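Working notes, beginning with the structure itself.
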Amino acid sequence: VAVSTTAAAGGATLAGQLPATGAWGSLALGVAAGVLCARGASAPRQRITPADAALFVVFALASLRAFLWVIHADGTALQVLSPHNLGDMALHMNLIGRWANGGQFWPGNPFLAGAPFAYHPGMDLWNAILRVAGVPVFEGLRWAGLLGAAATAAALWRWGRGFALAGFLFAGGLGALAYFQGLQADATQSHIAWKNLFLTMLVTQRGLLYSLPAGLVLMTAWRSQLEGADGGPRLPALAQMALYASMPLFNAPAFLFLSAALAACAVTGWRGGLARPFVVTGIVSFIPATWLVRMVTAGFAAPSALRFAPGWMQGDAGPLFWSENFGLFLPLAAVLGVALWRGGAGDRAARTFFVVGAGTLAFCFLFLIAPWPWDNTKLILWGYLALLPFLWSHLIARWPEWARGVVCVLLFAAGAVSLVAGLDARHGYKLADRGELGAVQVMLRKMPPDARLACAPSYDHPAMLLGQPVVMGYEGHLYSQGLDYEPARRDLARLMDGDDGWRDAARRLGVRYLFWGPREAREWPESSKPWRKCAPTVASSPHGELFLLTPCLLED
């Protein structure tokens with residue numbers, strides 16, 4: 001995946017689009033890289049305990065439930081399983097559809113006219129490659145989810161055995177204990193910030209389907225290199241470079257964390273004569289990683305949202321916030337730090353990853369990296385995962401069996417309830433009407449794939465789901481990316497309402513096509529629709545009309 005997507009991104013940048021030959025060629029390179037990596041990688045056989053096996057079963061069942069129904073048909077409706085995916089799915093389907101249809105690469109922002117496109121769409125590019133190769137979009141989304149989840153489970157186990165699996169599956173603090181107080185089950189855990197990671201991260205943040213297994217594999221290999229023991233997990237140097245250098249394309253927070261971990265390993269290894277592989281990985285990866293960082297930051301022009309905000313999302317909750325969100329994890333992490341340095345329990349690798357993990361958590365609790373505070377979770381996740389193996393091996397595993405059991409129940413019971421509630425069979429949220437989606441798809445064939453469309457700013461608009469760039473998309477995406485969308489909103493309203501200066505508004509937005517359907521009628525009920533007099537109807541259906549604005553814009 002690392003080699004295929006990076007090669008496709010390079011070829012598409014040169015060609016201006018993702019051609020079929022480029023998709024097939026990148027897949028061939030990826031397969032070759034995978035075969036070479038498999039021949040050079042090694043890992044010792046280790047026993048899977050009954051507890052590990054049980055956790056693998058839970059992970060598999062949760063993944064099957066989440067990803068087989070990640071997007072599915074229910075009668076005439078197209079639904080998503082998770083409410084968190086209602087807005088995100090439009091973004092993913094838009095990018096996949098646009099690139100598979102021959103749209104521009106690297107694109108202008110598909111969701112806001114005139115704005116830079118600063119995003120890390122590696123998994124969407126991967127699914128676009130599969131789509132060009134003949135894999136239907138919905139099947140591609142399901143299989144990418146299932147295979148990514150399987151790789152994540154395997155990588156978690158390699159990194160921290162069953163404790164890391166449980167820590168990921170059953171994260172969620174103590175918020176779900178409210179279920180036992182007679183309150184209605186809240187599968188989304190809307191009342192806490194540190195939510196269940198499987199439900200709110202792996203299922204919805206598609207970049208994690210790559211960055212989680214890739215990042216955990218890198219961390220496992222680096223830990224083995226720091227320990228310097230023969231027979232440990234080994235990953236070829238070129239494979240490490242490919243996984244690390246491609247990370248910006250998939251997940252920016254993961255790349256930030258792994259860069260810090262790589263630097264820490266190099267510094268720690270310097271004293272023991274083990275720094276060379278870490279330094280070489282960083283040097284060789286610098287150019288491709290910088291190119292990808294430049295791409296996903298729109299030429300380093302993306303607005304920075306870094307700001308000092310101690311307490312993260314604490315607000316007025318005080319200390320209760322931390323106990324409700326993280327339970328015993330933070331106190332245990334503090335005890336682990338004491339044990340690693342004062343108790344003589346620490347080794348070189350344990351201390352290194354503790355410093356990186358604890359440092360990441362401290363940074364995220366003091367600073368925000370995104371306009372939406374919850375997005376800090378995308379970086380907190382890595383600090384949390386970095387500590388899990390050592391929390392078990394260097395602390396909890398050394399306690400009496402009864403104490404280990406009590407601590408695990410207190411750490412994971414509430415998150416287990418959240419996981420079960422979040423995968424309940426009754427959940428399903430309508431994303432689109434299948435008949436409307438099919439009809440609008442036929443209409444949009446009259447438009448070039450890169451032509452921007454004026455339409456209602458709704459996440460469930462068919463044009464969004466079918467890959468057409470729009471003047472303004474879902475506000476949640478625009479806000480979370482720190483984009484100023486008010487000027488576009490005003491111009492879009494002026495155009496769609498037909499107010500004075502609507503032609504100038506259309507010119508400023510760079511829009512040549514306009515869609516008018518039920519959503520537009522609800523959004524602008526008082527519209528005078530002056531463009532009907534000069535804009536020919538390109539296509540129409542019971543679900544709306546598509547107008548060509550170009551003749552109108554030629555008039556004074």
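Here the structure is a predicted model, which means the values were calculated and not measured.
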Between [X] and [Y], ring centroids under 6.0 Å:
X: W531; Y: F547; result: yes
X: F59; Y: F198; result: yes
X: W99; Y: F105; result: yes
X: F515; Y: H461; result: yes

Ring geometry between [Y] and [X] (parallel below 30°, tilted from 30 to 60°, perpendicular above 60°):
X: W194; Y: Y384; result: perpendicular
X: F367; Y: F363; result: parallel
X: H92; Y: Y119; result: tilted

Please check: side-chain N/O of D124 versus main-chain N/O of I96, any donor-acceptor pairing under 3.5 Å? no
Spacing of CG belonging to L125 relative to CG belonging to L18, to within rounding of 0.5 Å: 6.5 Å
Y513 vs K446 side-chain heavy atoms within contact, under 4.5 Å: no
Quick check: do W291 and T13 have side-chain heavy atoms less than 4.5 Å from each other?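 A side-chain contact under 4.5 Å exists here.
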Does D460 pair with R519 as a salt bridge, N-O distance under 4.0 Å?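 Looking at D460 and R519, the cut-off is met.
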Could you check whether R508 pairs with D491 (Lys NZ or Arg NE/NH1/NH2 to Asp/Glu carboxylate O, under 4.0 Å)?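 A salt bridge is present here (some side-chain N lies under 4.0 Å from a carboxylate O).
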Report the residues that fulfil side chain to side chain contact (heavy atoms under 4.5 Å, CB included) with P469, sequence neighbours left out, ordered by chain and then residue number. R98, R452
Derivation of the side chain to side chain contact (heavy atoms under 4.5 Å, CB included) call for L212 and L385: CA-CA 10 Å; L212 265 176; L385 292 177; 3.5 Å; yes
With sequence neighbours left out, which residue pairs that include part of residues 235-254 fulfil the side-chain hydrogen bond (donor to acceptor under 3.5 Å, both in side chains) condition?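 Sorted result for residues 235-254: Y210-S246, W222-Q240, Q225-Q240, Y244-S259.
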